[in-house]
Amino acid sequence: MFIYGKTGTGKTAVTKYVLNKLSSKAHELGALIEICYVNCRLAGTEYRVLSSLCDALDVKVPFTGLAVGEVFDRFKDGLDQQRKIFIVVLDEIDALIKVRGDKLLYELTRINETLRHGRTSIIGISNDLRFKEFLDPRVLSSLSEEEIVFRPYDAAELQDILWRRAQLAFSDGALHDSAVALCAALAAAEHGDARRALDLLRVAGELAEREGTAFVSENHVREAEKRVEHDRIFEVLENLPVHSKLVLCSVYLLGKTKLSYTITGDIYGIYCELCDQTGLSPLTQRRVSGLISELDMIGLLNARVVSMGRHGRTKKIRLGIGRSLVRNVFTNNDRFRELLGYVPNCFAGFH
Ligand SMILES: Nc1ncnc2c1ncn2[C@@H]1O[C@H](COP(=O)(O)OP(=O)(O)OP(=O)(O)O)[C@@H](O)[C@H]1O
Ligand SMILES: [Mg+2]
């Protein structure tokens, strides 16, 4: 089975919930079922995924040192001897496939053909639909026998989820209906992400608590939204690859000039100077143009294509986030701190 849907739509939570039910029913009936949940992003390597599977069967393998094929054989023998139905959940499966290829997945989907007594079922989970492109058609056909799409939650569903959680987390009367409704509405308007809705409610609660107020109001939620958004952007900024950071820094520096907007050519000029300053070799203008589009897509830049009449078309670009945020993140970074104060040579022409 293959489960996919956007982030925060309950794929992990629902899969675990359903398998728990299945497991207790199996226990009740005395059926030989074993379930193993592996987060592939956390596991990181095929070896570690396989050793988690072995663990679930009490098959001993060392932390490292064996060939992957050997671990796989031990797993298969264990499964056959124990005559179990083995359900493997490979969560965030795209992380494994993109880096390591689909060899392990292929072996797993074929394993039933060689087992005499045991049986396996595979549940793959991903929030990246494109990852199917990385799969061998044979793997895809066995994995896609059953596909479930988790669509985004709507505001009413998010409210249900929030209230259920709030009963555990908040004192009676500490939450206004309108605060919960707002959390749900904000998260639904984005992309129905339950994780985000829960984050908003938690942060709103923390803000009310810090203030010493007895209940959480809509205002707390609005304040929480700013915080959560700020934290999210902060994290994205920090984790950008270095050349994207340099591009962003170039746009930031250009913001100090009196120009009302910036075009790709200007950014590229400053970007090359910054590369020079940091001792990195610059990428081509074409690549940088691609980076600008990516930064536009994640909202860190705003790029608009405008026609320049007979001079063709160009992109007008500005920062998509506050300047202070860029400054905060880059001040924490040794390499970039100095660049913030750098005065590009090509500025001479702008004034
Ligand atoms: N139906 C639900 N009932 C209660 N809580 C839920 C429900 N769906 C999601 N949640 C909660 O929302 C959060 C996000 O859900 P979950 O981790 O399952 O998302 P996901 O689809 O696996 O996201 P990702 O693609 O990022 O891994 C979790 O804290 C989960 O407990
Ligand atoms: Mg998940």
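Atoms within each ligand, like the ligands themselves, are counted from 1 in listed order.
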Q: Determine yes or no for a side-chain-to-main-chain donor-acceptor pair under 3.5 angstrom, with Ser51 supplying the side chain and Arg48 the backbone.
A: yes
min-distance protein heavy atom vs atom 26 (O) of ligand 1 -> Thr7 OG1, 2.5 Å
Counting only protein N, O or S atoms and ignoring waters, those under 2.8 Å from the Mg ion (ligand 2) are Thr12 OG1
If we number the atoms of ligand 1 from 1 as shown, the ones under 4.0 Å from a heavy atom of Ala194 are 9 (C), 12 (O)
So the atoms of ligand 1 within less than 4.0 Å of a heavy atom of Asn127 turn out to be 24 (P), 25 (O), 26 (O)
Quick note on ligand 1: atoms under 4.0 Å from a heavy atom of Arg165 include exactly 5 (N), 11 (C), 29 (O), 30 (C), 31 (O)
Geometric class of the His243/Tyr271 ring pair [parallel <30°, tilted 30-60°, perpendicular >60°]: tilted
Logged contact type for Thr12 with ligand 1, heavy-atom cut-off 4.0 Å, is both
Ranked by distance from atom 3 (N) of ligand 1, the top protein heavy atom is Ile161 CG1, 3.7 Å
query = Are Asn127 and Phe150 close enough that some pair of their side-chain heavy atoms sits under 4.5 Å apart?
reply = no
- Walk me through it: do Leu201 and Trp163 pass the test side chain to side chain contact (heavy atoms under 4.5 Å, CB included)? CA-CA 10 Å; Leu201 190 62; Trp163 273 121; over 6 Å; no
Residue, atom and distance of the protein heavy atom nearest atom 25 (O) of ligand 1 read Lys11 NZ, 2.7 Å
TODO: Any chance you could lay out the ring-ring contact (aromatic ring centres under 6.0 Å, His included) test for Phe336 and Tyr252, step after step, and finish with the verdict?
DONE: CA-CA 12 Å; Phe336 281 86; Tyr252 172 87; over 10 Å; no
Checking heavy atoms under 4.0 Å, the part of Tyr153 that sits near ligand 1 is side chain
for atom 27 (O) of ligand 1, nearest protein heavy atom and its distance come out as Arg195 NH2, 3.8 Å
Within the 4.0 Å heavy-atom cut-off, what Thr9 brings close to ligand 1 is both
d(Leu158 CG, Asp193 CG) to nearest 0.5 Å is 8.5 Å
Fill in: Proximity flag Gly5 to ligand 1, non-hydrogen atoms under 4.0 Å
no
Margin query: Hydrophobic clusters here meaning ILVMFWY residues chained together by side-chain heavy-atom distances under 4.5 Å, can you tell me if Leu301 and Phe330 are in one?
Written below: yes
*Heavy-atom neighbours of Arg323 CZ exceed 12 at 6.0 Å*: yes
>> For the CZ atom on Arg287, are there more than 12 heavy atoms of other groups (residues, nucleotides or ligands in this structure) within a distance under 6.0 Å?
In response: no
Taking only non-hydrogen atoms of Leu198 and a 4.0 Å limit, the atoms of ligand 1 in range are 11 (C), 12 (O), 29 (O)
- Message: Quiz question: by atom type and distance under 3.5 Å, do the side chains of His220 and Ser217 form a donor-acceptor pair?
- Response: yes
Q. Would you say the side chain of Arg335 lies within less than 4.5 Å of the side chain of Leu280, judging by non-hydrogen atoms?
A. yes
Are any of the N or O atoms of Ala13 closer than 3.5 Å to those of ligand 1? yes
Discussion item. Do Val89 and Ile93 land in one hydrophobic cluster if side-chain heavy atoms of ILVMFWY residues count as linked below 4.5 Å?
Written reply: no
